Amino acid sequence: MKSKQINFFLTPEDVEEVNHYLKEKNLLVSPQPLPAKTVTLVDSLLVRNLDNDFQVRGQKYIFRAEDKQHVKVEYIAQQDYYSIEITNSPVIEFLYPSYKPNLIRPGRVYFVKNALNQDTNQEETKKRELSKSRRRSVPVVS
């Protein structure tokens, strides 16, 4: 599997700027973990609780609306929850930094470029159009 990762530091104000960019580009955001075996959408990278008090983490997945049908969900038995399966889904993982008084921990942007085909046991590049969407979807905060 080939993947790419960028670590960064952002303030909450920077994350709001990223949120604005995502909305401007009509990109969707899904939380981690998921409350059920369907893709759940949230309005912001900063969401920590869903309507039913289901707690989610700082980790979110970003994807285009037209790719939603290709996003795969898996069940993690050891932790008893559902999650987006990043290896074969057209998503970008966004983990926003955690904040404590006088301390900011780094966040990250991560995506998988190539994945293992379970049937052929060969590494394959994800669909070309998905790679293009990732290049256009990652915002630059100045």
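These numbers were taken from a predicted model, which means no experiment stands behind them.
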*asked:* Would you compute the distance between atom NZ of Lys60 and atom CD1 of Ile84 and round it to the nearest 0.5 angstrom?
replied: 11.0 Å
*CD1 of Ile86 to CD of Gln59: how many Å apart, nearest 0.5 Å?*
7.5 Å
*Look up atom CG in Leu28 and atom CZ in Arg64, then write down how far apart they are to the nearest 0.5 Å.*
10.5 Å
*So, does Asn19 use its side chain to make a donor-acceptor pair with the main chain of Leu45 at under 3.5 Å?*
yes
_Quick check on the hydrophobic clustering: are Leu95 and Tyr21 connected, directly or via other members, by side-chain heavy-atom contacts under 4.5 Å?_
no
*Could you grab the distance from atom OG of Ser89 to atom NZ of Lys72, nearest 0.5 Å is fine?*
6.0 Å
*asked:* Grouping I, L, V, M, F, W and Y whenever their side-chain heavy atoms are under 4.5 Å apart, do Leu34 and Ile76 come out in a common cluster?
replied: no
*Main-chain N/O of Tyr61 paired with Ser30 side-chain donor or acceptor, under 3.5 Å*: no
*Any side-chain heavy-atom pair of Val39 and Phe63 under 4.5 Å*: yes
_Ignoring hydrogens, what is the shortest heavy-atom contact between Gln69 and Glu66? Give both atom names and the distance._
CG-O, 4.3 Å
*Is there a side chain to side chain contact (heavy atoms under 4.5 Å, CB included) between Ile6 and Tyr110 once you walk through the steps?*
CA-CA 7 Å; Ile6 301 169; Tyr110 172 81; over 6 Å; no
*Report yes if some heavy atom in the side chain of Phe8 is under 4.5 Å from a heavy atom in the side chain of Leu10; otherwise report no.*
yes
*To the nearest 0.5 Å, how far apart are CG in Asn7 and CD in Gln5?*
4.5 Å
*asked:* Less than 4.5 Å apart, side chain to side chain, heavy atoms only: is that true for Glu93 and Val109?
replied: no
_From NZ (Lys37) to OH (Tyr81), nearest 0.5 Å_ = 16.0 Å
*Taking all non-hydrogen atoms of both residues into account, name the closest pair between Pro35 and Thr40 and its distance.*
CD-OG1, 3.5 Å
